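Worksheet for the structure shown next.
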Amino acid sequence: MGELVRLVYASKASFMPMPASSGVEPTVARILMQSRQNNSRKDVGGVLYFGDGFFFQALEGDRGTVTETFERISADSRHQQVTTLSMKTVTTRLFADWSMKYVPAEKSLREFLGRRGYTRFQPLRFSEEEAEALVHFFDAKRDEDVDGGKKPGRFSLRALFSRKSRPAN
Ligand SMILES: Cc1cc2nc3c(=O)[nH]c(=O)nc-3n(C[C@H](O)[C@H](O)[C@H](O)COP(=O)(O)O)c2cc1C
């Protein structure tokens with residue numbers, strides 16, 4: 001097993017997203033299904049968030065595998081302006097599974113952004129520190145979802161799309 005890395009990038013969707021009120025964006029759902037299949041085979045984990053027409057994704061795994069996966073993703077015509085925000089060697093994974101949030105206007109994310117002076121989700125402008133902070137925010141959110149006994153939000157796809165990696169207590 002080579003070096004463990006976490007790569008975080010943002011991009012802009014090149015399709016016109018369906019309104020959030022109509023449920024899961026179909027293009028995003030397709031991307032997620034492909035990702036789950038490929039990533040679980042390659043032992044790549046992470047989180048994919050889609051909001052306001054932008055993607056924000058973290059990929060964790062072996063350096064070579066993450067690089068190869070990211071090259072494939074970068075060439076995908078369903079998004080553009082693919083921008084690497086952070087690439088780090090890490091000792092442990094935050095996301096041993098594959099999960100996704102689809103929460104276009106979730107209050108706590110708005111608050112997270114507001115504290116950093118953003119009025120909208122503009123991840124292409126994120127600094128490395130902001131990108132890492134958002135990854136940790138998603139990680140913490142997930143624990144809250146799993147352990148807090150909160151009922152899954154209407155946009156939560158965890159039940160559909162992620163393997164649980166931690167005991168739910
Ligand atoms: C925003 C975005 C995120 C994606 N994330 C992944 C991913 O994590 N893993 C993956 O294998 N493919 C991902 N894809 C899809 C790839 O670009 C590519 O279409 C796919 O890997 C091809 O898989 P296939 O050869 O099995 O058809 C993503 C695409 C987009 C637009």
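Every value quoted in this text rests on a predicted model; they were computed, and no experiment measured them. Remember, it's 1-based here, ligands and their atoms both numbered in the order they're listed.
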| request: Kindly determine whether R93 and D43 satisfy side-chain contact (heavy atoms from CB on, under 4.5 Å), including the steps that lead there. | output: CA-CA 11 Å; R93 293 177 187 235; D43 199 23; 3.4 Å; yes
Provide the number and element of each atom of ligand 1 under 4.0 Å from a heavy atom of [X].
X	answer
N39	7 (C), 8 (O), 9 (N), 10 (C), 11 (O)
R78	15 (C), 19 (O)
H79	1 (C), 31 (C)

| said: Go through it in stages, so that I can follow the logic: the residues are T84 and F70, the test is side-chain contact (heavy atoms from CB on, under 4.5 Å), and I'd like the CA-CA distance, side-chain angles, deciding distance and then a yes or no. | reply: CA-CA 10 Å; T84 305; F70 182 56; 3.4 Å; yes
| request: Specify the closest pair of heavy atoms between A58 and V135, including all atoms of both residues, with the distance to one decimal. | output: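 Scanning both residues, the minimum pair turns out to be CB-CG2, 4.0 Å.
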Run down the list [options] and name the one with the heavy atom closest to [atom].
atom	options	value
atom 29 (C) of ligand 1	D76, V82, V44	D76
atom 27 (O) of ligand 1	Q80, R72, Q34, M33	Q34
atom 3 (C) of ligand 1	R30, Q57, K42, R36	Q57

Side chain, backbone, both or neither: which part of [X] has a heavy atom under 4.0 Å from ligand 1?
X	answer
Q37	neither
L59	side chain
Y9	side chain
I31	side chain

| Is it true that the side chains of E3 and T89 contain a donor and an acceptor less than 3.5 Å apart? |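 The criterion, which ignores hydrogens and geometry beyond distance, is satisfied for T89 and E3.
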| query | Which residues pass the side-chain hydrogen bond (donor to acceptor under 3.5 Å, both in side chains) test with E71, sequence neighbours left out? | reply |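 Partners of E71 by the side-chain hydrogen bond (donor to acceptor under 3.5 Å, both in side chains) criterion come out as none, since no residue qualifies.
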| Proximity of F121 and Y49 rings by center, below 6.0 Å |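 F121 vs Y49: aromatic centres under 6.0 Å.
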| Less than 4.0 Å between a side-chain N and a carboxylate O, is that true for E111 and R115? |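 Judged by the 4.0 Å cut-off on N to carboxylate O distance, R115 and E111 do not form a salt bridge.
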| request: Consider every N or O of S11 and every N or O of ligand 1, then say whether any pair is closer than 3.5 Å. | output: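 In this structure, S11 places no N or O atom under 3.5 Å from an N or O of ligand 1.
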| said: Please check whether S35 reaches ligand 1 - meaning an N/O of the residue sits under 3.5 Å from an N/O of the ligand, judged on distance alone. | reply: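 Min N/O separation from ligand 1 is below 3.5 Å for S35.
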| Derivation of the salt bridge (Lys or Arg N to Asp or Glu O under 4.0 Å) call for R6 and E132 | CA-CA 10 Å; R6 177 166 59 247; E132 281 288 323; 2.9 Å; yes
